[in-house]
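Labels below follow one simple rule: chain letters A, B, ... track the order of the sequence lines, proteins then strands, and each chain is numbered from 1.
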Number of protein chains: 2
Amino acid sequence: MSRTVAIVDDHTLFAQSLKNLINTFDGYEVSGIYKNGRELTHQFEANRAKPNLVLLDIKMPIMDGPETMCWLKENYPTQKVLALSMEDDEETITFMVKQGCRGYLLKDIDPDGFKFALNKVIEEGYFYTDAVSDAIKNKEKSLSKLTKREIEFLSLACTEMTYKEVASEMNLSPKTIDGYRESLFQKLNVKSRTGLVLYAIKNRILLL
Amino acid sequence: MSRTVAIVDDHTLFAQSLKNLINTFDGYEVSGIYKNGRELTHQFEANRAKPNLVLLDIKMPIMDGPETMCWLKENYPTQKVLALSMEDDEETITFMVKQGCRGYLLKDIDPDGFKFALNKVIEEGYFYTDAVSDAIKNKEKSLSKLTKREIEFLSLACTEMTYKEVASEMNLSPKTIDGYRESLFQKLNVKSRTGLVLYAIKNRILLL
DNA sequence: GTTCACAAGGGGAAAAATCCCCTTTTTCTA
DNA sequence: TAGAAAAAGGGGATTTTTCCCCTTGTGAAC
């Protein structure tokens with residue numbers, strides 16, 4: 001009785017190659033390859049047999065990993081999902097885990113480690129590498145030192161609005177905006193508005 | 001007589017899976033898998049047999065695609081190289097092509113198209129998808145309206161240096177810096193330094 | 001030869017950002 | 001309960017950025 005695995009990844013070369021690899025694992029069989037979350041949800045809605053495990057890529061132009069994860073949490077909350085990503089993007093890892101993703105793998109894992117992770121998730125329910133666990137901790141740390149209002153200010157500071165305009169947008173005095181600016185400068189160890197923008201982008205607080 | 005292919009990619013799961021795929025192609029054989037450009041250059045320097053083709057991933061922490069391409073251009077200019085990337089990053093595509101890369105594939109290519117590309121590069125010397133050709137044209141267009149000095153200024157403007165410090169760095173008068181600032185504001189349709197930073201990052205003139 | 005773009009630069013002023021010194025009130029935590 | 005943090009704000013000064021008006025010199029294209 002094979003364990004079935006569905007692959008959701010728009011990078012066809014990788015998906016097809018991965019299918020070949022998984023089919024060499026004893027007891028595993030790839031039941032389907034889908035280019036995006038949309039194709040997967042269509043399969044689920046057609047009442048086709050559910051796979052034991054969904055391998056879900058994060059970045060896809062149409063219905064990406066996080067979006068698909070939300071749908072699965074709402075419609076098939078017991079479906080086991082293992083995320084695959086190129087990089088340890090803290091923002092996304094944290095989000096996926098909160099949506100019930102059972103594991104998060106980086107694509108630098110070797111085939112043996114990969115097979116081990118598949119077994120873990122199917123048999124025990126969860127598998128996280130140390131790198132991913134660390135990313136979760138770092139993410140919670142990096143934003144936790146900023147208050148809600150500070151984050152709101154930071155988002156607006158990363159636009160071409162003058163601080164006076166930002167004050168108006170937030171219904172505050174320019175002096176308050178100056179207070180937030182100073183607070184962020186100290187917390188983030190920057191010394192200019194440009195520094196704020198660069199920090200926000202580097203730390204994915206601002207997405208472009 | 002098999003055509004040999006070397007795979008350079010730090011994403012082990014992908015590299016191993018790709019090796020399995022290529023080994024199913026008649027007339028092809030993977031002669032080696034290397035985690036980064038450094039490992040590849042070591043093989044070349046040890047006078048091992050050169051592969052017919054190098055499949056080179058772009059993003060690697062140690063001696064990445066572009067850096068490896070420079071080394072190959074200088075030391076083995078006739079070595080055929082095919083780049084593999086997740087995305088059509090114009091900056092990198094243009095650079096790689098200038099360094100003599102024979103083709104640039106996105107990882108969303110299917111295995112048949114992939115095999116076709118391998119044949120093209122080995123037999124005819126070159127292979128580019130339409131998407132990649134377009135990226136090359138767009139890249140030349142986006143930077144072409146900026147002068148060399150303006151680009152230099154823009155890079156420094158995207159730091160926390162004051163314009164006075166930038167002027168000093170470029171051995172110019174602050175008035176000249178102001179001239180460049182004004183010129184970029186007009187060309188890029190922005191109205192502040194923040195706008196410059198955001199433009200540079202959105203258009204990948206600045207890489208973070 | 002003429003025109004335009006690029007490179008480099010000037011005087012001067014206004015607007016925006018940064019800095020330095022604070023304040024009060026409310027909420028949360030140890 | 002005391003203290004710290006968060007939220008909101010003030011007066012005032014300095015620095016930096018932006019803006020407005022220009023300049024000269026060089027090289028390339030027509």
Side-chain angles (χ1 to χ4, degrees), chain A residues 137-203 205-206 208, chain B residues 94 137 139-203 205-206 208:
Chain A
K137 287 178 198 148
N138 288 341
K139 169 64 183 178
E140 289 169 349
K141 206 184 304 184
S142 133
L143 262 196
S144 66
K145 58 186 174 180
L146 304 188
T147 68
K148 191 174 173 183
R149 284 299 254 178
E150 282 171 346
I151 292 168
E152 195 176 334
F153 162 71
L154 183 54
S155 294
L156 294 172
C158 296
T159 67
E160 292 205 73
M161 291 160 80
T162 62
Y163 283 146
K164 188 172 176 182
E165 288 164 346
V166 170
S168 182
E169 181 71 27
M170 292 177 77
N171 294 304
L172 298 174
S173 152
K175 297 305 297 187
T176 306
I177 294 303
D178 194 34
Y180 286 135
R181 176 201 59 69
E182 180 61 30
S183 178
L184 288 185
F185 277 18
Q186 287 179 16
K187 286 181 179 179
L188 308 182
N189 194 29
V190 301
K191 61 187 179 182
S192 68
R193 188 168 178 178
T194 301
L196 286 184
V197 175
L198 292 170
Y199 181 93
I201 291 169
K202 277 178 184 166
N203 290 274
I205 296 168
L206 182 72
L208 287 181
Chain B
T94 308
K137 285 177 197 149
K139 170 63 183 177
E140 289 170 348
K141 205 184 302 183
S142 134
L143 262 195
S144 66
K145 57 185 176 180
L146 305 188
T147 68
K148 191 174 176 184
R149 285 300 253 176
E150 281 171 347
I151 293 167
E152 194 176 336
F153 162 71
L154 183 55
S155 294
L156 294 172
C158 296
T159 68
E160 293 207 71
M161 290 160 80
T162 63
Y163 284 145
K164 188 173 175 182
E165 288 164 345
V166 170
S168 183
E169 181 71 28
M170 293 176 78
N171 294 303
L172 298 173
S173 152
K175 297 305 298 186
T176 306
I177 295 302
D178 194 33
Y180 285 134
R181 177 202 56 71
E182 182 60 31
S183 178
L184 288 186
F185 277 19
Q186 287 178 13
K187 287 182 179 178
L188 309 182
N189 193 30
V190 302
K191 60 185 180 181
S192 67
R193 188 168 178 177
T194 301
L196 286 183
V197 175
L198 292 171
Y199 181 94
I201 290 169
K202 274 177 189 169
N203 290 273
I205 295 168
L206 183 73
L208 286 182

Asker: Using a cut-off of less than 4.0 Å, is there contact between a side-chain N or O of Ser173(A) and OP1 or OP2 of dG10(D)?
Answerer: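 For Ser173(A), the contact criterion (side-chain N or O under 4.0 Å from OP1 or OP2 of dG10(D)) is met.
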
Asker: Please state how far atom NZ in Lys191(A) lies from atom P in dT17(D), giving the value in whole angstrom units.
Answerer: 11 Å

Asker: Taking all non-hydrogen atoms of both residues into account, name the closest pair between Thr194(B) and Cys158(A) and its distance.
Answerer: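 Closest heavy-atom pair between Thr194(B) and Cys158(A): CG2-C, 4.3 Å.
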
Asker: Taking the side chain of Phe185(B) as its heavy atoms from C-beta onward, which of dT18(D), dG11(C), dA8(C) lies nearest to it?
Answerer: dT18(D)

Asker: For Leu172(A) and Tyr180(A): C-alpha separation, side-chain torsions, deciding distance, then whether side chain to side chain contact (heavy atoms under 4.5 Å, CB included) applies.
Answerer: CA-CA 11 Å; Leu172(A) 298 174; Tyr180(A) 286 135; 3.8 Å; yes

Asker: On DNA chain C, nearest-nucleotide positions of Lys175(B) versus Met170(B): which is more 5'?
Answerer: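 Its nucleotide being nearer the 5' end, the pick is Met170(B).
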
Asker: Which whole-number value in Å describes the distance from Lys148(B) NZ to dA7(C) C1'?
Answerer: 13 Å

Asker: Between Arg149(B) (CZ) and dA5(C) (C1'), how many Å, whole number?
Answerer: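 Taking atom C1' of dA5(C) as the reference, CZ of Arg149(B) is at 16 Å.
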
Asker: Look at the side-chain N and O atoms of Thr176(B) and state whether any lies under 4.0 Å from the OP1 or OP2 oxygen of dG9(C).
Answerer: yes

Asker: Should Tyr180(A) be listed as having a side-chain N or O under 4.0 Å from OP1 or OP2 of dA8(D)?
Answerer: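 Checking Tyr180(A) against dA8(D): at least one side-chain N or O falls below 4.0 Å of OP1 or OP2.
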
Asker: Indicate whether OP1 or OP2 belonging to dT16(D) is found under 4.0 Å from a side-chain N or O atom of Arg193(A).
Answerer: no

Asker: In whole Å, what is the span from the CD1 atom of Ile177(B) to the C1' atom of dT16(D)?
Answerer: 14 Å

Asker: Return the 5'-most residue of the pair Pro174(B), Glu150(B) with respect to DNA chain C, ranking by each residue's nearest nucleotide.
Answerer: Glu150(B)

Asker: Return whichever of Met161(B) or Asp178(A) has its heavy-atom-nearest nucleotide of DNA chain D closer to the 5' end.
Answerer: Asp178(A)

Asker: Round to the nearest Å and state the distance from Phe153(B) atom CZ to dT18(D) atom C1'.
Answerer: 12 Å

Asker: Below 4.0 angstrom from OP1 or OP2 of dT18(D), is there any side-chain N or O of Tyr163(B)?
Answerer: yes

Asker: Starting at atom CG of Leu146(A), determine the distance to atom C1' of dA7(D), rounded to an integer number of angstrom.
Answerer: 15 Å

Asker: For Glu182(A) and dG10(D), give me the distance from atom CD to atom C1', rounded to whole Å.
Answerer: 15 Å

Asker: Examine dT15(D): is either OP1 or OP2 under 4.0 Å from a nitrogen or oxygen in the side chain of Thr162(B)? Give yes or no.
Answerer: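 False: Thr162(B) side-chain N/O out of range (4.0 Å or more) of dT15(D) OP1/OP2.
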
Asker: Does Lys187(B) NZ have over 12 foreign heavy atoms under 6.0 Å away?
Answerer: yes

Asker: If you draw the axis of the six-membered ring of Phe153(B), does the NZ or CZ of Arg149(B) fall within 45° of it and under 6.0 Å from the ring centre?
Answerer: no

Asker: Atom CD of Gln186(A) to atom P of dA6(D): distance rounded to whole Å?
Answerer: 12 Å

Asker: Contact class for Ser192(A) (heavy atom, under 4.0 Å): base, sugar-phosphate, or nothing?
Answerer: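 The residue Ser192(A) makes sugar-phosphate contact but no base contact.
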
Asker: Side-chain N or O of Thr147(A) less than 4.0 angstrom from OP1 or OP2 on dA5(D)?
Answerer: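 Checking Thr147(A) against dA5(D): no side-chain N or O falls below 4.0 Å of OP1 or OP2.
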
Asker: Nearest 0.5 Å, what's the CD1-OG1 distance between Ile177(B) and Thr162(B)?
Answerer: 10.0 Å

